[in-house]
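All residue numbers in this chain count up from 1 along the given sequence.
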Amino acid sequence: MEKRDYYEVLGVGREADAAAFKRAYRKLALKYHPDRNPGSKEAEDKFKEASEAYSILSDPEKRRTYDQFGHAGLSGNGGFNASDFPDIFGDLFGDLFGSGQRGRQGRRRGEDLQYQLDLDFEEAVFGCSKELRIPRIDRCDECEGSGCEPGTTKVRCRPCGGRGQIHVQQGFFAMSRTCSQCRGTGQIIAHPCTACRGEGLRQVQRKRRVDIPAGVDEGNRMRLAGEGNVGPNGGPRGDVYVLVHVREHDVFERDQSDLHCTVQINVAQAALGGRVRIPTLGGDRVHSVRPGTQPGARLRLRGEGIPRLRGGRRGDLYAHIEVEIPKKLNRDQRALFERLGKALDGESRSSDGSLFGKFRHGRK
């Protein structure tokens, strides 16, 4: 199936910047996340498609390659590769394990893995410690990765004489091919390990506790170096890329390091002003509302937002004002509103008579 254009996937123009890519991806990730669409294959595919598009367009070098050559210019035709994702935290955890990129000659590096970490809103804001349970391929404990039944060893391959290559002479031409018996290793397993059936590998669950820094956001990724699958023939491990998903909050909406919420006030408070309670992450704060506050006005509480991931001052909290119009009035309330209505209507008539009346009745 032909891949869609990455810009089309995210719904942005080709002139969009990194911030636009992030906003678009966050919107799609929240919409199509598997948690919100349980059992929906279509939503899962769209979530993966958006993640792939963001991984390419958020990387300046890969974006230039894509803009010039399209999908064909990308490694693996632009397919998902966990190691291609931009690492928001740099190598935050990499120094603990080393990069794991180099192994002994002939031993390939193990596969990278992706792990989805679900966080509550407060956990993402303030940081937390989480125990991850990562399913991965590890060396078999019984045979220590050799594939041989304990007490036995590999033996020399007879067809190739331990060389791993089969030499074939055809007239003046001599050719070599990989031995199909030992697959080029020169050795075979005479007595396979019963625990791993001679593979030397087993599926295990790795427990790993990580500290999540304060201020992480939807779509951020962390790299756990050396925590992926073990490489073939004793090769070094791959990495684990932790994809952060943040659950929505009942009160607050997040915009990078700023928070937004809605606060309702009554008509009297809007007209006369007063003091209202505004929810914050640290509890309610009392804030003044000016007389004549209009619907849609917003109050700014500095430093009540989210800690910035790389340090510095916290973001701000914006409280958006909604004026609550009563749906039912008792007798006294109705009388007060009727008196207020007449007073306001009287002001309008006075203004009309002194200014617009001249135009209605003609100038004298």
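- You'll find the side chain of Val210 stays beyond 4.5 Å of the side chain of Val242, heavy atoms only.
- Using a cut-off of 4.0 Å between Lys/Arg side-chain N and Asp/Glu carboxylate O, Arg26 and Asp255 are scored as not salt-bridged.
- Counting non-hydrogen atoms of neighbouring residues, nucleotides and ligands closer than 6.0 angstrom, the CD atom of Glu42 reaches no more than 12 such neighbours.
- Distance CD1/Ile166 to CZ/Arg177: 5.5 Å, rounded to 0.5 Å.
- Among all heavy-atom pairs drawn from His287 and Leu301, the shortest one is CD2-CD1, 3.8 Å.
- Two residues are said to be in side-chain contact when any heavy atoms from C-beta on lie closer than 4.5 Å; Val267 and Pro326 meet this criterion.
- Within a 6.0 Å radius of CD in Gln333, more than 12 heavy atoms belonging to other residues, nucleotides or ligands are found.
- Between the CG atom of Asn229 and the CZ atom of Arg109 there is a distance of 10.5 Å, given to the nearest 0.5 Å.
- Although no hydrogens or angles enter the test, the distance criterion places no donor-acceptor pair under 3.5 Å between the side chain of Asp284 and the main chain of Thr280.
- Using a 4.0 Å cut-off between charged nitrogen and carboxylate oxygen, Asp258 and Arg300 do not count as a salt-bridge pair.
- The minimum heavy-atom distance linking Phe252 with Cys261 is given by the pair CD2-CB, 3.9 Å.
- Between Phe47 and Tyr25, the ring-plane angle classifies as tilted under the 30° and 60° cut-offs.
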Sequence neighbours excluded and cut-off under 3.5 Å, please list the side-chain donor-acceptor pairs for residues 288-296, or say none.
residue: Ser288; atom: OG; partner: Arg275; partner atom: NH1; Å: 3.1
residue: Thr293; atom: OG1; partner: Arg290; partner atom: O; Å: 2.5
residue: Gln294; atom: NE2; partner: Gly292; partner atom: O; Å: 3.0

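- In this structure, the side chain of Arg197 does not engage the main chain of Ala195 through any donor-acceptor pair within 3.5 Å.
- Ion pairing between Lys48 and Glu44 holds under the 4.0 Å rule for side-chain N and carboxylate O.
- Counting heavy atoms from C-beta outward, Asp141 and Val204 have side chains that stay 4.5 Å or more apart.
- Nearest heavy-atom pair, Gln203 versus Arg136, reported as atom, atom and distance to 0.1 Å: NE2-N, 3.5 Å.
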Subject >> Criterion salt bridge (charged side-chain N to carboxylate O under 4.0 Å, His left out) on Asp118 and Lys130, from CA distance to verdict >> reply: CA-CA 10 Å; Asp118 297 326; Lys130 285 285 186 178; over 6 Å; no
Original post:
Where do Arg254 and Phe121 land on the side chain to side chain contact (heavy atoms under 4.5 Å, CB included) test, with the steps shown first?
Top reply: CA-CA 10 Å; Arg254 178 175 180 173; Phe121 193 86; 4.2 Å; yes
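- The backbone N or O of Gly303 sits less than 3.5 Å from a side-chain atom of Asp316, completing a donor-acceptor pair.
- A salt bridge links Lys3 to Glu52: one of the charged nitrogens lies within less than 4.0 Å of a carboxylate oxygen.
- In this structure, SG in Cys160 is found 9.0 Å from CD1 in Ile188, a value given to the nearest 0.5 Å.
- Here the CD-SG distance, from Glu122 to Cys128, works out to 11.0 Å after rounding to the nearest 0.5 Å.
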Original post:
Lys22 and Ser58: side chain to side chain contact (heavy atoms under 4.5 Å, CB included), yes or no, with the steps?
Top reply: CA-CA 8 Å; Lys22 184 174 182 180; Ser58 61; over 6 Å; no
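- Taking both residues in full, the closest heavy atoms of Arg156 and Gly161 are given as CD-O, 3.5 Å, listed atom of the first, atom of the second, then distance.
- Side chain of Asp217 to backbone of Val246: no donor-acceptor contact under 3.5 angstrom is found.
- Checking side-chain atoms of Arg308 against main-chain N and O of Arg313 turns up a donor-acceptor pair under 3.5 Å.
- Taking every heavy atom of both residues into account, Pro307 and Arg314 meet most closely at CA-CG, 3.8 Å.
- In this structure the side chain of Arg23 never reaches within 4.5 angstrom of the side chain of Val12, judged on heavy atoms.
- The side-chain heavy atoms of Gln269 and Asn266, taken from C-beta on, include a pair separated by under 4.5 Å.
- Within the 4.5 Å cutoff, no side-chain heavy atoms of Arg221 are placed close to those of Val244.
- In this structure, Ser40 OG and His33 NE2 are separated by 13.0 Å, a value rounded to the nearest 0.5 Å.
- In this structure a side-chain-to-backbone donor-acceptor pair under 3.5 Å is present from Asn330 to Asp332.
- Shortest non-hydrogen contact noted between Thr194 and Glu149 is N-OE1, 2.9 Å.
- Residues Phe126 and Val251 are members of one and the same hydrophobic cluster, defined by side-chain heavy-atom contacts under 4.5 angstrom among Ile, Leu, Val, Met, Phe, Trp and Tyr.
- For Glu111, the CD atom sits in a loose shell: 12 or fewer heavy atoms of surrounding residues, nucleotides or ligands are nearer than 6.0 Å.
- In the hydrophobic clustering of this structure, Val230 does not group with Leu113; members are Ile, Leu, Val, Met, Phe, Trp, Tyr whose side-chain heavy atoms approach within less than 4.5 Å, directly or through other members.
- Comment: Asp138 does not engage Arg206 in a salt bridge, judged by the lack of any side-chain N to carboxylate O separation of less than 4.0 angstrom.
- The line from CG of Asp17 to CG of Leu57 is 12.0 Å long, rounded to the nearest 0.5 Å.
- Within a 6.0 Å sphere centred on CD of Glu8, other residues, nucleotides and ligands contribute more than 12 heavy atoms.
- Val286 and Ile265 end up in different hydrophobic clusters when Ile, Leu, Val, Met, Phe, Trp and Tyr side chains are linked at under 4.5 Å.
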**OP:** Evaluate side chain to side chain contact (heavy atoms under 4.5 Å, CB included) for Ser129 paired with Arg209, printing each intermediate quantity in order.
**Re:** CA-CA 7 Å; Ser129 179; Arg209 181 163 291 278; 3.1 Å; yes
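- Val9 and Tyr66 end up in different hydrophobic clusters when Ile, Leu, Val, Met, Phe, Trp and Tyr side chains are linked at under 4.5 Å.
- Within a 6.0 Å radius of CZ in Arg302, no more than 12 heavy atoms belonging to other residues, nucleotides or ligands are found.
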Original post:
Step by step, would you call His320 with Glu253 a side chain to side chain contact (heavy atoms under 4.5 Å, CB included)?
Top reply: CA-CA 11 Å; His320 299 260; Glu253 290 188 6; over 6 Å; no
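- Leu119 and Leu259 fall within the same hydrophobic cluster, defined by Ile, Leu, Val, Met, Phe, Trp and Tyr side-chain heavy atoms under 4.5 Å apart, directly or through other members.
- Residues Val263 and Leu299 have side chains not in contact (no heavy-atom distance under 4.5 Å, counting atoms from C-beta outward).
- Heavy atoms of other residues, nucleotides or ligands lying less than 6.0 angstrom from NE2 of His245 number more than 12.
- Residue-environment remark: CZ (Arg63) exceeds the threshold of 12 foreign heavy atoms within 6.0 Å.
- Dense packing is recorded around CZ of Arg14, with more than 12 heavy atoms of other residues, nucleotides or ligands lying under 6.0 Å away.
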